[in-house]
Protein chains: 2
Amino acid sequence: MNSPAVLAATYRAHGRKLTPQRQLIFSLLHDNTTHPTADALYATASHKMPGISLRTVYQTLNELAEMGELQTIDLGEGVTRFDPNVDDHHHAICNVCGAITDVHVERASALRPKGVDGFNVDDIGVVFRGVCASCEASSKRSPSPQVKKSKSASTPTPKH
Amino acid sequence: MNSPAVLAATYRAHGRKLTPQRQLIFSLLHDNTTHPTADALYATASHKMPGISLRTVYQTLNELAEMGELQTIDLGEGVTRFDPNVDDHHHAICNVCGAITDVHVERASALRPKGVDGFNVDDIGVVFRGVCASCEASSKRSPSPQVKKSKSASTPTPKH
DNA sequence: GAGATAATTTGCAATTCGTGCGAACAAACA
DNA sequence: TGTTTGTTCGCACGAATTGCAAATTATCTC
Ligand SMILES: [Mn+2]
Ligand SMILES: [Mn+2]
Ligand SMILES: [Zn+2]
Ligand SMILES: [Zn+2]
C-alpha cells in the first residue's frame, strides 16, 4: 500500500475527499503486517479517534481495496482480513495463535493445476497451516493441549 | 468419502442412528464433485424428502466432517462448502461461473514458506483462480458470459 | 472568509450463514 | 410393544457486513 501522503494525493486525484477518518485509517494500515480485520482496525481507530464508526472503517477499507491499494484475504475464519501488502506473496497461518505471516514461495507461479483441461490461471494462492516458531517453543516449555477449534474459536489478536 | 453402505456401518459402529435423513445426505454426497454448500444440498434433499430441515443437513454435514468423512472448504465466498473428497488435493475456481474443480498439484508438499523461521507446516493449500475452459469458450463465442453469483457478485480480488 | 454543494460519516435496520436450544419424534433393542 | 436414547426441526440468536437516509463536513467559488 502507498504511504498516507501518496494516498492523500491519490484520493484527491480520484475526486475523493480527504477526511480525518480516512487519514487515520491510512496511518493504521501503513506498514501494518498483522492482516487485521475491520473490527480490529476499528478498535485501534476508536482509541485515537473516539466516535469513528465501524461503518466508516468498512467503507474506507472497501474503497482502498477497490482502488487496488489494499488486498482483502479470506482464510475461512468467517472474517475478511485486510492486507496493505499488495505484492505477490502468500501466507502462513499458525493453528495455535492465529498469527498470519507473509511468506514467499519459490516458483509458485510455476504451479499448474493438473486434472482440468484448458483452465486459464489468473492467480495462485498458497496457504500454509501449522505451528509458528513461537508457539512451538512455548508448547515445549509447557505442554498444554492447544487445538484450534473449527469455527467460533477464531483467533482474536495474535499476541507475540 | 466412504460409500453410503460403509457410512451406515460406520455410523452404527459409532453408536449413531441410521435415519432416512442421514442416508439421503450420504447418497447426495456420494461421488459429488460439485463442492456443494449446505444450502445447495438442502435444496436437493428437499426435493427427495420434503420436510427435511436445513438444520439437519447442517448437523449431518458437521458430524461427517468431524468423523473425517468429509472436508469443509472455505474459499472466501462467505459460505462453507463440503467436499467428500478427503484425499490430498487442491482446487481451481472459475471467476466466471464459480465452478470449483479438484486438481492435483505436483510437488505441492515440497513447497516451503520462505520468510518465516521455524514454522512447522502441517498442511498446504493451493488455490487457482481463473477462467475454466467452458467459460473461456463461451466468452469467445458471445461477449456476455454466464455469471453465476453466490453472495459477492462483485469482482473477485484483483491483486498484483 | 462565507456560502453552496456534493461527498462522507453515522447509526440503525436488514441480510446472510450458521449454531444453541428444547420439545416432539423415532431408531435400536430387549 | 415398551423403553431408551439419539435425532429432527423450528425458532431464536449471533457474528460479519451492507443498505439506507439524515446529519455533517471537506472543498470549491466568489
Ligand atoms: Mn499478506
Ligand atoms: Mn475438492
Ligand atoms: Zn503461533
Ligand atoms: Zn467457468
Just checking [X]: base, sugar-phosphate only, or nothing, at a heavy-atom cut-off of under 4.0 Å?
X: A:Thr80; answer: sugar-phosphate
X: A:Ile52; answer: sugar-phosphate
X: A:Asp39; answer: nothing

Between A:Phe82 and B:Met49, which has a closest nucleotide on DNA chain D that is more 5'?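 Counting from the 5' end, the first nearest nucleotide belongs to B:Met49.
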Within-4.5 Å side-chain heavy-atom neighbours: [X] and [Y]:
X: A:Met1; Y: A:Val86; value: no
X: B:Val103; Y: B:Phe128; value: yes
X: A:Val57; Y: A:Ile25; value: yes
X: B:Ser134; Y: B:Cys97; value: no

Is any N or O donor-acceptor pair between the side chain of A:Arg55 and the base of D:dG19 shorter than 3.5 Å?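 It does, because a donor-acceptor pair links the side chain of A:Arg55 to the base of D:dG19 below 3.5 Å.
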Please enumerate all residues that pass side-chain hydrogen bond (donor to acceptor under 3.5 Å, both in side chains) together with A:Arg55, with sequence neighbours excluded.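 In terms of side-chain hydrogen bond (donor to acceptor under 3.5 Å, both in side chains), with neighbours along the sequence ignored, A:Arg55 is linked to A:Gln59.
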I'd like to check the side-chain hydrogen bond (donor to acceptor under 3.5 Å, both in side chains) partners of A:His91; sequence neighbours left out, ordered by chain and number.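 Here the qualifying residues are A:His35, A:Asp83, A:His89, A:Asp102.
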[X] has an atom [atom1]; how far is it from atom [atom2] of [N], in whole Å?
X: B:Gln23; N: D:dG6; atom1: CD; atom2: P; result: 19 Å
X: B:Leu24; N: C:dA26; atom1: CG; atom2: C1'; result: 17 Å
X: A:Gln59; N: C:dT10; atom1: CD; atom2: P; result: 10 Å
X: A:Tyr11; N: C:dT8; atom1: OH; atom2: P; result: 8 Å
X: A:Arg81; N: D:dA16; atom1: CZ; atom2: P; result: 11 Å
X: A:Tyr58; N: D:dG19; atom1: OH; atom2: P; result: 13 Å
X: A:Leu54; N: D:dG19; atom1: CG; atom2: C1'; result: 14 Å

What string of B, S and - do you get for nucleotides 23-30 of chain D 5' to 3' if you count protein non-hydrogen atoms under 4.0 Å? --BBS---
Table please: side-chain donor-acceptor pairs of residues 110-127 of chain B below 3.5 Å, with sequence neighbours left out.
unit_1, atom_1, unit_2, atom_2, d
B:Arg112, NH1, B:Ser109, O, 3.2
B:Lys114, NZ, A:Glu106, OE2, 2.7

Compare the minimum distances between each of D:dT17, C:dT9, D:dT18 and the side chain of A:Thr56, then state the nucleotide with the smallest one.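 The answer is C:dT9, which lies nearest to the side chain.
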Between D:dG10, D:dT17, D:dT8, which nucleotide has the shortest distance from any of its atoms to the side chain of A:Val79?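 Of the candidates, D:dT17 comes closest.
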Can you give each donor-acceptor pair under 3.5 Å made by side-chain atoms of residues 60-72 of chain B, sequence neighbours left out, with the distance rounded to 0.1 Å?
unit_1, atom_1, unit_2, atom_2, d
B:Thr60, OG1, B:Thr56, O, 2.9
B:Asn62, ND2, B:Tyr58, O, 3.3
B:Glu63, OE1, B:Arg22, NH2, 3.2
B:Glu63, OE2, B:Tyr11, OH, 2.8
B:Glu63, OE2, B:Arg22, NE, 2.8
B:Glu63, OE2, B:Arg22, NH2, 3.1
B:Glu69, OE1, B:Asn2, N, 3.3
B:Glu69, OE1, B:Asn2, ND2, 3.0
B:Glu69, OE2, B:Asn2, ND2, 3.0
B:Gln71, NE2, B:Asn85, O, 2.9

Estimate the overall bend of the helix from C:dG1-D:dC30 to C:dA30-D:dT1 from the end axes over five pairs each, rounded to 10 degrees.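 The angle, to the nearest 10 degrees, is 30°.
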Same cluster or not: B:Leu54 versus B:Leu29, using hydrophobic residues (I, L, V, M, F, W, Y) connected whenever any side-chain heavy atoms lie under 4.5 Å apart?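 Yes, one cluster joins them.
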